[in-house]
2 protein chains.
Amino acid sequence: MAYRETEKMRQRKAMARQKIVDCTYACVSDGGFRSARITRIAALADVATGTIYRHFESREDLFAEVFRLATQREVDKVAEALATEGDVTARLEHALRQFAERAIRGPVMAWSLIAEPVDPKVEEERLKYRRAYAALFEGAIREGIQNQCIPDQDASQSSTCLVGAIAESLVGPLSPAQADGNVSIAAEDKDRLVNSIIRFCMQGLTGARN
Amino acid sequence: MAYRETEKMRQRKAMARQKIVDCTYACVSDGGFRSARITRIAALADVATGTIYRHFESREDLFAEVFRLATQREVDKVAEALATEGDVTARLEHALRQFAERAIRGPVMAWSLIAEPVDPKVEEERLKYRRAYAALFEGAIREGIQNQCIPDQDASQSSTCLVGAIAESLVGPLSPAQADGNVSIAAEDKDRLVNSIIRFCMQGLTGARN
DNA sequence: ACAAAGAATGAATATTGATTCACTATTTCC
DNA sequence: GGAAATAGTGAATCAATATTCATTCTTTGT
């Protein structure tokens, strides 16, 4: 025998794989999945196109993995915001703000995760992602209903409305950002936007104007 | 001279063109713009692929026209609902219901009009469509603010939230219409769904639980 | 240093559809 | 009927990318 897989090689391989994932993430952040070409990813990662296929079965599989990682990051942030101390409505508001602000910071990625049409394997990941969100928001809304901070309602349906209102507000205006070379919005506009959305959402949830 | 365009021919041509438009509409209703292949449209319309190019500059132009027609139809319905007698909130509620019910009836088309990524020329039409909606809802919200049925708020932003909440509920991946093998939902479920969305939206707008 | 095994390469291939265009068919008018 | 003009056809072409695979380069153990 001559060659056997060694620790050093395993690590080098893992690093190459990671670099491919990172560069794919960068490409997607820039123009969405659809415009992320294998050749561009390969060039960025400084490997040959063929190399990508030693690490991933197909473009679709690579994308599914990148999607999974990206969403995990987002969902974690929201979960974190919901897990703080305080009453349910405050925590929900905090979580919505987190969601909205992150989407504004990375509008193309937000659009890709929420709305861009993707291949079946990626769509499957998206379903899990939506379910994770739904579960988080729903849980909080249920808790709110229980201790009467929030009037009785279909928690699952309301959480869908929350996501929709935010997504449309952020992704709608910002997704043509890929078309024109859209510049990012000014900080005070961003704040007004986020506050406006949150007011609508919290009011839709609780009926309370604050 | 020998041949000159005659009325009969003009009509026949117009009919062929109309048939192409109709079949494109059908294809889009079925699977969105992206999956509407020229070959399939041609087959449906019972013409050769080349014929389509005698009536339209390109696939994109054909799609732009179909988009324009489809949205005109939708916007007209909402405008109609808003133009009835009664107080603003009742009319807004009526319009939202119209919007939601139509989207449920044709979820794929609704998704195509609202969220599917499309080519630039079609995107341009979508912008007009959004503006038309924004103008309609906004106008009503402004009117409501003026005569104090609705608290002061960013009318344009609120109208975006309305569209988003409905769109996500009806055409998002978690919507009942898509989740199961898109068998149409039962009438009473549909009603509950629409009522639930509308409650959220009206409450988001007015803060009033009814 | 060498042979065996694996990893990387990237030009060539495959695929998927839109679009073209040389040709055929139809309509019109004499 | 026949010539001129236009309409319709659909196989061939083109374009844009994902994917393959024969070849080259690296690593490893003796």
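Residue numbers start from 1 in every chain, and the chains themselves are labelled A, B, ... in the order their sequence lines are given, proteins ahead of strands.
Ion pair B:Arg130/A:Glu168 flagged as a salt bridge, since at least one NZ, NE, NH1 or NH2 atom sits closer than 4.0 Å to an Asp/Glu carboxylate oxygen. A salt bridge does not link A:Arg34 to A:Glu116: none of the charged nitrogens lies less than 4.0 Å from a carboxylate oxygen. Using a 4.0 Å cut-off between charged side-chain N and carboxylate O, A:Glu123 and A:Arg126 make a salt bridge. With respect to the salt-bridge test (charged N to carboxylate O, under 4.0 angstrom), the residues A:Arg97 and A:Asp191 do not qualify. The existence of a salt bridge linking B:Asp189 and B:Arg192 is confirmed by a sub-4.0 Å separation between a basic side-chain nitrogen and an acidic carboxylate oxygen.
Under 4.0 angstrom from either OP1 or OP2 of C:dT27 there lies at least one side-chain N or O belonging to B:Arg12.
Counting non-hydrogen atoms under 4.0 angstrom, A:Arg59 reaches the backbone sugars and phosphates but no base. Residue A:Thr51 is in base contact, counting any heavy-atom pair closer than 4.0 Å across all strands shown.
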Using atom names, set out every protein N or O paired with an N or O of nucleotides 12-16 of chain C below 3.5 Å, distance rounded to 0.1 Å.
none

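In this structure, CD of A:Gln11 is placed 15 Å from P of D:dT27, rounded to the nearest angstrom. When rounded to the nearest whole Å, the span between CD1 of B:Ile52 and P of D:dA7 equals 17 Å. In this structure, B:Arg34 atom CZ and C:dG17 atom C1' are separated by 13 Å, rounded to whole Å. For the pair B:His55 NE2 and D:dT6 C1', the interatomic distance rounds to 12 Å; values are reported in whole Å. The CZ-P distance, from A:Arg54 to D:dT26, rounds to 15 Å in whole Å. For the pair B:Asp61 CG and C:dT19 P, the interatomic distance rounds to 9 Å; values are reported in whole Å.
Checked against A:Leu92 for a side-chain contact (heavy atoms from CB on, under 4.5 Å), the options A:Ile141, A:Thr206, A:Ile198 give a single hit: A:Ile141.
Distance from the side chain of A:Met9 is smallest to D:dT28 among D:dA7, D:dT28, D:dG10. The B:Tyr53 side chain lies nearest to C:dA18 when the options are C:dC29, D:dG29, C:dA18. Out of D:dA7, C:dA7, C:dT28, the shortest distance to the side chain of A:Lys13 is found at C:dA7. Taking the side chain of B:Thr49 as heavy atoms from C-beta on, and the options C:dG10, C:dT20, D:dT9, the nearest nucleotide is C:dT20. The side chain of A:Ile38 lies closest to D:dT19, out of D:dT9, D:dT19, D:dT28.
If you look at A:Tyr133 and A:Tyr129, their ring centroids are closer than 6.0 Å.
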